[in-house]
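Let me begin by presenting the structure, written as structure tokens, before commenting on it.
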2 protein chains.
Amino acid sequence: MEHRIDRIKKQLHAQSYKLTPQREATVRVLLEREEDHLSAENVFLLVKEKAPEIGLATVYRTLELLSELKIVDKINFGDGVSRYDLRKEGAEHFHHHLVCIECGSVEEIVDDLLEDVEKIVQDDWGFQVKDHRLTFHGICKQCQKAAVKTST
Amino acid sequence: MEHRIDRIKKQLHAQSYKLTPQREATVRVLLEREEDHLSAENVFLLVKEKAPEIGLATVYRTLELLSELKIVDKINFGDGVSRYDLRKEGAEHFHHHLVCIECGSVEEIVDDLLEDVEKIVQDDWGFQVKDHRLTFHGICKQCQKAAVKTST
DNA sequence: ATTTATATTTATAATAATTATAATATAAGT
DNA sequence: ACTTATATTATAATTATTATAAATATAAAT
């Protein structure tokens, strides 16, 4: 964990930003809850436990900054709230998501499934791809099982 | 155009909703601006030209309804506004988007590029895919050309 | 054609997420 | 320690969206 904080600190310094205590607390929360997809509000509440004096606007600003530096990705599942997701270390690309329409759970797929598709977009449409967002909506394993049980 | 309005009318009636004048005006705007990706506000202003007495909330409600009936797709490019996009006739799936990070233009890809990927998700992750959203961020043809010109 | 029940709209207020502002505090470099 | 630029806090403002209640329109049944 300290290692990753250090790296992020360097990334900030490289652009002459500081890793203030508030920013560090925010990053720590993101690291601790890496599997989750926290909204700004979520992050704020969690950071508040570590650093009660922090303001919501600071969290927003920090997330925005981290987003610009590509340390986190800002995602939107269409529920009116932005969510913030640490980029995996060394991940060039955004990872994909599986959103369950039954229970709302969100799974991540880190594999890059889109190499072929990107090639098509590049070659056939002349569009130079920099990044992508892919979300599948459907029914997760658990909910499929539950459905089978109920129907018997 | 009248043909498509008729079809939408039937889709509404099938769920015992009515095609009120306000709803019709809204649908007409969506049809006329099919290539665009209008926000609710955009739609509202355009509908107001046809039917000045319409209220913003009605537009929101209509778009929500059309969205539930899968007549339009509600999309979000991460700029804090929902956009509404008519489904192509007969299109089972959501279409994909190419968003230019230079000029902000949005192109559509109607082909289904994801059949193989969906199969992987289904087989390897046990996730039953119902729909997907795929957006590429990058540089469009026009901006690529412009960049070449500038750099010479 | 009238009545009745239901669906829809309008106008307005409320909410929720996010961003801007001004005053204050902090950190880094001299 | 002092200066300067940057960041934070607390608060207000903005923006998008949703809820509410009263009024209106519509369709079905008489």
Side-chain angles (χ1 to χ4, degrees), chain A residues 5 8-29 37-69 71-85, chain B residues 8-29 37-48 50-69 71-85:
Chain A
I5 299 236
I8 290 170
K9 189 173 188 173
K10 273 177 202 145
Q11 286 179 268
L12 283 167
H13 285 166
Q15 313 276 327
S16 62
Y17 291 111
K18 307 168 194 167
L19 185 66
T20 63
Q22 291 89 339
R23 285 177 184 167
E24 184 172 335
T26 304
V27 170
R28 278 182 192 279
V29 163
H37 300 81
L38 303 171
S39 67
E41 182 88 28
N42 293 157
V43 175
F44 171 62
L45 292 173
L46 290 165
V47 174
K48 235 174 142 59
E49 292 173 10
K50 293 181 196 301
E53 75 292 351
I54 200 170
L56 177 57
T58 300
V59 172
Y60 268 102
R61 251 178 294 109
T62 301
L63 291 171
E64 195 56 37
L65 176 62
L66 295 173
S67 193
E68 270 165 34
L69 299 184
I71 295 167
V72 310
D73 287 308
K74 188 175 177 180
I75 43 177
N76 202 304
F77 293 133
D79 58 354
V81 202
S82 293
R83 291 165 192 286
Y84 298 85
D85 222 357
Chain B
I8 291 170
K9 190 173 186 176
K10 273 177 201 144
Q11 286 179 270
L12 284 168
H13 283 166
Q15 312 277 327
S16 61
Y17 292 111
K18 306 168 195 169
L19 185 66
T20 63
Q22 291 90 340
R23 286 178 184 165
E24 184 172 334
T26 305
V27 169
R28 278 181 193 278
V29 164
H37 300 81
L38 303 171
S39 67
E41 184 88 27
N42 293 157
V43 174
F44 171 61
L45 292 173
L46 290 166
V47 173
K48 237 174 140 56
K50 291 183 198 297
E53 75 292 350
I54 200 169
L56 177 58
T58 300
V59 171
Y60 269 102
R61 251 178 293 112
T62 300
L63 291 171
E64 195 56 38
L65 176 62
L66 295 173
S67 194
E68 271 166 33
L69 299 185
I71 294 166
V72 311
D73 286 308
K74 188 175 178 181
I75 44 178
N76 203 305
F77 293 134
D79 58 353
V81 202
S82 293
R83 291 166 191 286
Y84 298 85
D85 222 358

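Every value quoted in this text rests on a predicted model; they were computed, and no experiment measured them. Residue numbers start from 1 in every chain, and the chains themselves are labelled A, B, ... in the order their sequence lines are given, proteins ahead of strands.
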Separation of C:dT26 atom C1' from A:E24 atom CD, nearest Å, is 15 Å
**Prompt:** Looking for any heavy atom pair under 4.0 Å, which part of the strands does B:S82 touch: base, sugar-phosphate only, or nothing?
**Reply:** sugar-phosphate
Side-chain polar contacts of residues 44-56 of chain A - donor-acceptor pairs under 3.5 angstrom, sequence neighbours left out - could you list them?
unit_1	atom_1	unit_2	atom_2	d
A:K48	NZ	A:P52	O	3.3
A:K50	NZ	A:E32	OE1	3.3
A:K50	NZ	A:E32	OE2	2.9

With a 4.0 Å cut-off (strictly under) to non-hydrogen atoms of chain B, the first and last hit nts on DNA chain D, 5' to 3', are D:dA16 to D:dA27
Any strand, both distances under 3.5 Å, Watson-Crick or G-U wobble: C:dG29 pairs with D:dC2
Residue set satisfying salt bridge (Lys or Arg N to Asp or Glu O under 4.0 Å) with B:D85, at least two apart, ordered chain then number -> none
>> Keeping A:R23 on the side-chain end and A:K18 on the backbone end, is there a donor-acceptor pair under 3.5 Å?
In response: yes
Between B:L63 and the options B:T26, B:T58, B:I71, the side-chain contact (heavy atoms from CB on, under 4.5 Å) test singles out B:T26
B:Y17 atom OH, neighbour heavy-atom count above 12 within 6.0 Å: no
For B:K74, the salt bridge (Lys or Arg N to Asp or Glu O under 4.0 Å) test, sequence neighbours excluded, returns B:E64
Next on the checklist: Tell me if a side-chain donor or acceptor on A:R83 pairs with a main-chain N or O of A:I75 at a distance below 3.5 Å.
Outcome noted: no
Would you tabulate the pairs of protein nitrogen or oxygen atoms and nucleotide nitrogen or oxygen atoms of nucleotides 8-11 of chain C closer than 3.5 angstrom?
unit_1	atom_1	unit_2	atom_2	d
C:dT8	OP1	B:K18	N	3.3
C:dT8	OP1	B:R23	NH1	2.9
C:dT9	OP1	B:T20	OG1	2.5
C:dT9	O3'	B:Q22	NE2	2.9
C:dT10	OP1	B:Q22	NE2	3.2
C:dT10	OP1	B:E53	O	3.1
C:dT10	OP2	B:G55	N	3.2
C:dT10	OP2	B:T58	OG1	2.7

Whole-Å distance, A:L12 CG to C:dA27 P, equals 15 Å
Sorted by chain and number, sequence neighbours left out, side chain to side chain contact (heavy atoms under 4.5 Å, CB included) with A:A57 holds for A:R61
